[in-house]
Amino acid sequence: AQKITQTQPGMFVQEKEAVTLDCTYDTSDPSYGLFWYKQPSSGEMIFLIYQGSYDQQNATEGRYSLNFQKARKSANLVISASQLGDSAMYFCAMRLTGNQFYFGTGTSLTVIP
Amino acid sequence: GAVVSQHPSRVICKSGTSVKIECRSLDFQATTMFWYRQFPKQSLMLMATSNEGSKATYEQGVEKDKFLINHASLTLSTLTVTSAHPEDSSFYICSARGLGRSSYNEQFFGPGTRLTVL
């Protein structure tokens with residue numbers, strides 16, 4: 001069975017500081033993709049960053065970086081220089097070879113001014 | 001990025017009625033569309049995967065006769081909640097992947113439809 005685990009239901013970070021949101025996954029598929037999405041209170045899902053299972057380097061997109069540790073099956077999201085607008089739910093997701101996406105339970109991030 | 005729309009954004013209906021939710025890819029051809037359900041403060045649960053022109057593949061535990069999915073064209077998929085009951089009240093989100101402007105590695109989400117069944 002495929003599984004995505006986010007162990008932090010809620011996180012707080014001071015504005016302008018960096019924060020790491022944890023994500024571990026479990027799959028027997030050799031090929032998979034890992035994603036992070038942001039969901040503000042409006043409900044829309046916003047794509048942040050992608051890491052392929054065969055990618056050698058950690059993905060980066062602006063203030064977002066993905067700390068991919070394949071042997072440990074972890075794909076943590078690092079947000080640098082947090083902004084008030086970063087307050088939202090964050091979901092880690094895994095795409096398998098059948099193109100299905102499976103989501104973690106999410107982490108609620110609150111940025112404190 | 002690519003744009004996916006959903007209609008309606010909110011719907012309130014009486015128990016026993018059927019509700020249709022549309023998901024459209026506006027600037028690319030969506031060969032695959034996904035339907036998710038999200039309860040308050042919970043994660044997105046994949047309900048089904050639909051490929052254009054073929055029958056949807058439902059996840060385990062999802063009633064295919066209750067949640068009818070049609071993906072008749074490369075830009076439109078519909079989810080019909082038949083004989084809706086209060087326990088069907090939820091946030092329904094579609095996403096799409098395919099040709100054109102969308103990246104192979106991404107799926108683009110619609111803004112969601114909040115269904116309330118009285």
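Residue numbering restarts at 1 for every chain, and letters A, B, ... go by the order of the sequence lines.
Classified by interplanar angle (parallel below 30°, tilted 30° to 60°, perpendicular above 60°), the ring pair B:Phe67/B:Tyr92 is tilted. Using cut-offs of 30° and 60° on the angle between ring planes, the pair A:Phe101 and A:Phe35 is tilted. Taking the six-membered ring where tryptophan is involved, the planes of A:Phe103 and A:Tyr37 are tilted, since the angle between them lies from 30° to 60°.
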Q. Given the rule in the side-chain hydrogen bond (donor to acceptor under 3.5 Å, both in side chains) test, do A:Gln39 and B:Gln38 qualify, once you have shown the distances and angles that lead to the verdict?
A. CA-CA 12 Å; A:Gln39 187 181 40; B:Gln38 186 180 30; 2.8 Å; yes

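Per-residue heavy-atom pair counts under 4.5 Å with chain A were compared for B:Thr49, B:Leu44, B:Leu46, B:Thr57, and the maximum is reached by B:Leu44. Of the listed residues (A:Ala93, A:Gly104, A:Gly52), the greatest number of heavy-atom pairs within a distance under 4.5 Å of chain B belongs to A:Gly104.
The main-chain N or O of B:Ser83 is found under 3.5 Å from a side-chain atom of B:Lys66 such that the two form a donor-acceptor pair.
Only the side chain of B:Ile93 comes within less than 4.5 Å of a heavy atom of chain A; its backbone N, CA, C and O stay farther away. In this structure, chain B has no heavy atom under 4.5 Å from any part of A:Gln6. In this structure, the portions of A:Met45 lying under 4.5 Å from any heavy atom of chain B include both its backbone and its side chain.
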